[in-house]
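This report refers to the structure that appears directly beneath it.
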Amino acid sequence: MTNRTRSDWQAFADSLSIEGRAFIGGQCVDALSGAVTDNVNPATGAVTVQVASCDERDVDLAVASAREAFEKGEWRKLAPAKRKAVLLRWADLIEQHWEELAMLESLDTGKPIACTMDDDGGDVHSSIRTLRWTAECIDKLYGETTPHEQDTLGIVSREPVGVVAAIMPWNYPLATTMWKLAPALGAGNSVVLKPASLTPLTAIKIALLADKAGLPAGVLNVITGPGARLGKALGLHMDVDCIGFTGSTPIGKELLKYSGESNLKLIFNELGGKSANIIFADANLDKAIPSSAAAIFFNSGQTCSAGSRLLVHEDVHDEVVRRLTEVAESTWQPGHPMDPNTLMGPMISTSQLKTVQSYVDLAQEEGARVVCGGSSVSIDGCDLYYKPTILCDVRNDMRVAQEEIFGPVLCVIKFKTAEEAIALANDCIYGLSGAVWTENLRTAHKVATEMRTGNVNVNAYFGADNQISMPFGGFRQTGNGRDKSIHAFDEYTVLKGIWFDFRQA
Ligand code: NAP
């Protein structure tokens, strides 16, 4: 990063001029109703900016603008290499504004500046990598010719699906948004982006930069406001062809209903998780312990792929819990996001904090033991910080082991055999991520292949998440979507077969 201090970062934040209007048809616009809402910094409670509070009429406008751009074809019909050039210019502009974007992400989410500015796995740099990597694919995606007889020809090509709505969560706003925008735009679609109402700032900023990079007006639109209104209107809209959704499982289910009630638009859901992180007795604990702590405490546990269920072999259980507690208490104590030494900031909102506390209370009622943490802490007058928390004596059938807490709360569960660990890992409605720690290759292979989850790491935790070349998505009630990698294009393209018959009658 740099050696800037908390007051340097604060001064930088204060110097920013922040856009809070929606972006429709290539222009920043107020909501048609003129309504606005306060965008609040969770770390201070201060209002960062007022943001347009759109309604159904703004949705119609944004969808019409996207449809018009799609039909006009200025973007869709552009040569793939030229679309690539625009997206690469966009990536360059994002890079030029990376500190501003990282600061917006911190102000919006309360994430530590050390995380959003991190030039390896940080929010902005990972988004730039996603955009560049995906843009580079555009002119390398080939179609097919089918087996055919003499004087005939069958070709199978991929066409953009049309108007894509991207509905996004608040936990990794920029990174997850770019996972959708890069392939959706790269494939030639027009997009209506609906960021989470708590975290709209980077979405607006990157849309302005896309415009500057030469993306034609109407190809990328951003509408801001409550999901219950806008997300529903997009879900039910007859002129939206596809929704790329990242968020909670209940809302993912709603979207499938909206699709059935309207035009059968494609729905790709990237939903919740309760991932199992499995430590065997022969694991390299020097590597497993810090990684397992980061797996649950990074971003205050507000991570879909967090390693929130720690399955530990009984022979190393006590040592693992002791060492994890030491790491939690030394490395992961919450702090102010603008302090460059902070690794864990506040929770996003009071309601999220209350949810976390209610799960910790419930865990104790269900018989679990709080080994460390278990309560919130106030920092500089803000009460939204939650201590890194480890719960022991957890059974897999307890609600805290089955439901997504979305906070820095680790549930530790003992096991005896690999078969038992696999059964525990799979006894869950979700299936997003997970890990297995062992020096035994056969055990690693057996467990990794038998876990019913979209990603498994062997002797790492967020390894797969950090690779743009790996698909990201889940099994079961984590949904059907796949972000990242070449497979992301599958969501935003439809297959077309064209049959030529060259024979004379
Ligand atoms: P959420 O409450 O489901 O909200 C996600 C988005 O849906 C927001 O933009 C929200 O708008 C909108 N929305 C709300 N009600 C809607 C409705 N009735 N119809 C359509 N859209 C609606 O999720 P969240 O709390 O923002 O994010 C946390 C969840 O996301 C967790 O479950 C986490 O596991 C999941 N997640 C999954 C992945 C993955 O890749 N699998 C990645 C990150 C997060 P408002 O913000 O205005 O309410």
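One-based numbering, in listed order, for ligands and for the atoms of each.
R158 places no side-chain N or O within donor-acceptor distance of the main-chain N or O of L141, the cut-off being under 3.5 Å. Of the possible polar contacts, none joining the E404 side chain to the K274 backbone as a donor-acceptor pair under 3.5 Å is found. Side-chain N or O atoms of E491 include one that pairs as donor or acceptor with a backbone N or O of R482 at under 3.5 Å. A donor-acceptor contact shorter than 3.5 Å is absent between the side chain of S300 and the backbone of M344.
Counting only heavy atoms of the protein, atom 32 (O) of ligand 1 lies nearest to E404 OE1, 2.7 Å. The closest protein non-hydrogen atom to atom 28 (C) of ligand 1 is F406 CE2, 3.6 Å. With respect to atom 25 (O) of ligand 1, the closest heavy atom belonging to the protein is W170 NE1, 2.8 Å. Protein heavy atom closest to atom 2 (O) of ligand 1, with residue, atom name and distance, is S248 OG, 3.9 Å. The protein heavy atom nearest to atom 45 (P) of ligand 1 is S197 OG, 3.3 Å. For atom 8 (C) of ligand 1, the closest non-hydrogen atom on the protein side is M168 O, 3.1 Å. Here the protein heavy atom with the shortest distance to atom 11 (O) of ligand 1 is K194 NZ, 2.9 Å. Nearest non-hydrogen protein atom to atom 40 (O) of ligand 1 is F472 CE2, 3.2 Å.
When every heavy atom of D427 is checked against every heavy atom of Q402, the shortest pair comes out as O-NE2, 2.9 Å. The two atoms that bring I138 and R83 nearest to each other are CG2-NH2, 3.9 Å, heavy atoms only. Heavy atoms only, all atoms of each residue included: N480 and I267 are closest at ND2-O, 3.0 Å. The shortest heavy-atom contact between P195 and T199 is CB-O, 3.9 Å. Here the closest heavy-atom approach between residue Q357 and residue S375 is recorded as OE1-CA, 3.6 Å. Minimum interatomic distance between R395 and I413 (heavy atoms only, all atoms of both residues): C-CD1, 4.4 Å.
Neither the backbone nor the side chain of Q302 comes within contact range of ligand 1; no heavy atom lies under 4.0 Å. Residue contacts with ligand 1, taken as heavy atom pairs separated by less than 4.0 Å, involve L432 solely via side-chain atoms from C-beta onward. Neither the backbone nor the side chain of Y172 comes within contact range of ligand 1; no heavy atom lies under 4.0 Å.
Taking any N or O of G227, backbone or side chain, at least one lies under 3.5 Å from an N or O belonging to ligand 1. Checking only distances, W179 never comes within under 3.5 Å of ligand 1, N or O to N or O. Taking distance alone, with nitrogen or oxygen atoms compared against 3.5 Å, G247 approaches ligand 1 more closely than that limit. Looking at ligand 1, you'll find an N or O of Y258 within less than 3.5 Å of one of its N or O atoms. In terms of polar-atom proximity, D483 is not counted as a contact of ligand 1, lacking any N or O under 3.5 Å from an N or O of the ligand. Close N/O approach between I167 and ligand 1 is not found [any backbone or side-chain N/O within under 3.5 Å]. Where the criterion is an N or O separation shorter than 3.5 Å, residue side chain and backbone included, T176 fails it with respect to ligand 1. Among the atoms of L271, some N or O lies under 3.5 angstrom from an N or O of ligand 1. Checked by distance only, ligand 1 and N171 stay at 3.5 Å or farther apart across all their nitrogen or oxygen atoms. Residue T246 has no N or O atom closer than 3.5 Å to an N or O atom of ligand 1.
Residue-ligand proximity: A228 is placed with a non-hydrogen atom under 4.0 Å from ligand 1. Using a 4.0 Å cutoff on heavy atoms, E254 does not count as a contact of ligand 1. Not a single heavy atom of G479 sits closer than 4.0 Å to an atom of ligand 1.
Between atom 15 (N) of ligand 1 and the options T224, T37, I251, L230, the minimum heavy-atom separation is to I251.
Close contacts of ligand 1 with F245, meaning ligand atoms under 4.0 Å from a residue heavy atom, involve 3 (O), 5 (C), 6 (C), 7 (O). If you number the atoms of ligand 1 from 1 as listed, the ones under 4.0 Å from a heavy atom of K232 come out as 19 (N), 20 (C). Of all the atoms in ligand 1, the ones that sit under 4.0 Å from a non-hydrogen atom of C304 are 33 (C), 34 (O), 36 (N), 37 (C), 38 (C), 39 (C), 40 (O), 42 (C), 43 (C), 44 (C). Heavy-atom contacts of P169 reach the following atoms of ligand 1: 26 (O), 27 (O), 43 (C), 44 (C) (cutoff under 4.0 Å). Applying the 4.0 Å criterion to heavy atoms of P226 picks out, from ligand 1, the atoms 47 (O). Each of the atoms 47 (O) of ligand 1 lies under 4.0 Å from some heavy atom of G225.
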Practice item. Would you check, one step at a time, whether the test side chain to side chain donor-acceptor pair (under 3.5 Å) holds for W170 with D108? Key: CA-CA 9 Å; W170 47 259; D108 237 1; over 6 Å; no
Check: Stepwise, does the side-chain contact (heavy atoms from CB on, under 4.5 Å) test hold for L324 with L310?
Finding: CA-CA 11 Å; L324 266 175; L310 185 70; 3.3 Å; yes
(request) Apply the test side-chain contact (heavy atoms from CB on, under 4.5 Å) to residues D123 and T202: give CA-CA distance (whole Å), side-chain angles for both, the deciding distance (0.1 Å), then the verdict. (result) CA-CA 10 Å; D123 302 74; T202 49; over 6 Å; no
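Counting non-hydrogen atoms of neighbouring residues, nucleotides and ligands closer than 6.0 angstrom, the CD atom of E136 exceeds 12 such neighbours.
Among V29, N221, L32, the one residue that satisfies the side-chain contact (heavy atoms from CB on, under 4.5 Å) test with L61 is L32.
The pair D465-K484 fails the salt-bridge criterion, with no side-chain N (NZ, NE, NH1 or NH2) lying under 4.0 Å from an Asp/Glu carboxylate O. Remark: R67 engages D241 in a salt bridge, criterion side-chain N to carboxylate O under 4.0 Å.
The aromatic rings of F297 and W332 sit tilted, their planes meeting at an angle between 30° and 60°.
For atom 4 (O) of ligand 1, no protein heavy-atom neighbour is found at a distance under 4.0 Å.
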